[in-house]
Amino acid sequence: QVQLVESGGGLVQAGGSLRLSCAASGSIFRVNTMGWYRQAPGKQRELVAAITHGGSTNYADSVKGRFTISRDNAKNTVYLQMNSLKPEDTAVYYCNLRQGVLVANDFWGQGTQVTVSS
């Protein structure tokens with residue numbers, strides 16, 4: 001099993017910045033993808049950004065140029081630097097780790113609230 005512990009959420013004014021962190025522990029494969037998803041009230045969970053073990057990244061169009069995902073493989077930790085935050089970024093942010101040889105398994109953190117006031 002894999003455990004994911006998130007930190008760094010909070011309340012910020014529009015235009016501000018926050019940095020989320022997620023530390024993974026347990027049975028972690030060397031090759032995996034870590035990422036951040038978010039879910040706003042009444043909406044489906046959506047991918048925000050993801051990063052492979054090798055450092056390849058993928059971003060939602062809505063956050064490109066504002067958010068940066070990075071990871072420290074030695075610490076099994078992924079970060080999300082969020083700049084120029086907008087009220088529409090308000091959501092619960094979930095850390096995700098995906099790994100598997102024949103079948104991909106997803107593991108999730110407990111979620112951290114990000115609230116952006118206008």
* State, yes or no, whether a side-chain contact exists between E46 and R38 at a heavy-atom distance under 4.5 Å. => yes
* Structure fact -> Smallest heavy-atom separation, T33 atom then A50 atom, equals CG2-CB, 4.1 Å
* **I28: partners by side-chain contact (heavy atoms from CB on, under 4.5 Å), with sequence neighbours left out** => V2, A24, N32, N76, L97, Q99
* To do: Quick one: list whatever passes side-chain contact (heavy atoms from CB on, under 4.5 Å) with R45, sequence neighbours left out.
  => Y37, Q39, Y94, W108
* Who pairs with D72 by salt bridge (Lys or Arg N to Asp or Glu O under 4.0 Å), at least two apart in sequence or on another chain? -> none
* According to a 4.5 Å side-chain heavy-atom criterion applied to Ile, Leu, Val, Met, Phe, Trp and Tyr, with indirect links allowed, do F67 and V12 form part of one hydrophobic cluster? -> yes
* Asked: T52: what forms a side chain to side chain donor-acceptor pair (under 3.5 Å) with it, not counting sequence neighbours?
  -> none
* Excluding sequence neighbours, so at least two apart, what forms side chain to side chain donor-acceptor pair (under 3.5 Å) with N83? -> S17, Q81
* Could you pull out the closest heavy-atom pair between A40 and A91, with the gap in Å? => N-CB, 3.9 Å
* Sequence neighbours excluded - salt bridge (Lys or Arg N to Asp or Glu O under 4.0 Å) pairs with any residue from residues 92-110 -> R98-D106
* Does a side-chain heavy-atom distance below 4.5 Å link D89 with M82? -> no
* L80 CG to Y93 OH distance, which is reported to the nearest 0.5 Å -> 7.5 Å
* Do Q13 and L85 come close enough that some side-chain heavy atom pair is under 4.5 Å? -> no
Validation: residues 53-61 side-chain donor-acceptor distances under 3.5 Å, sequence neighbours left out:
residue, atom, partner, partner atom, Å
H53, ND1, R30, O, 2.6
Y59, OH, I69, N, 2.9
D61, OD1, K64, NZ, 3.1

* Those residues that, when tested against Q3, pass side-chain contact (heavy atoms from CB on, under 4.5 Å) (two or more places apart) -> Q1, S25
* Asked: Residues two or more places apart in sequence or in another chain: which of them pass side-chain contact (heavy atoms from CB on, under 4.5 Å) with S70?
  -> Y79
* Asked: By side chain to side chain donor-acceptor pair (under 3.5 Å), which residues pair with S21, not counting sequence neighbours?
  -> none
* Structure fact -> Shortest non-hydrogen pair, E6 vs T112, comes out as OE1-N, 3.9 Å
* Asked: Looking at V92 and Q113, what are the two nearest heavy atoms and their distance?
  -> CG2-OE1, 3.2 Å
* Minimum heavy-atom distance between R71 and N73, given as atom pair plus value -> NE-OD1, 2.6 Å
* To do: May I have all residue pairs that pass salt bridge (Lys or Arg N to Asp or Glu O under 4.0 Å) and include part of residues 11-20, sequence neighbours excluded?
  => none
* Which pairs pass disulfide bond (SG atoms under 2.5 Å apart) with one or both residues in residues 58-118, sequence neighbours excluded? -> C22-C95
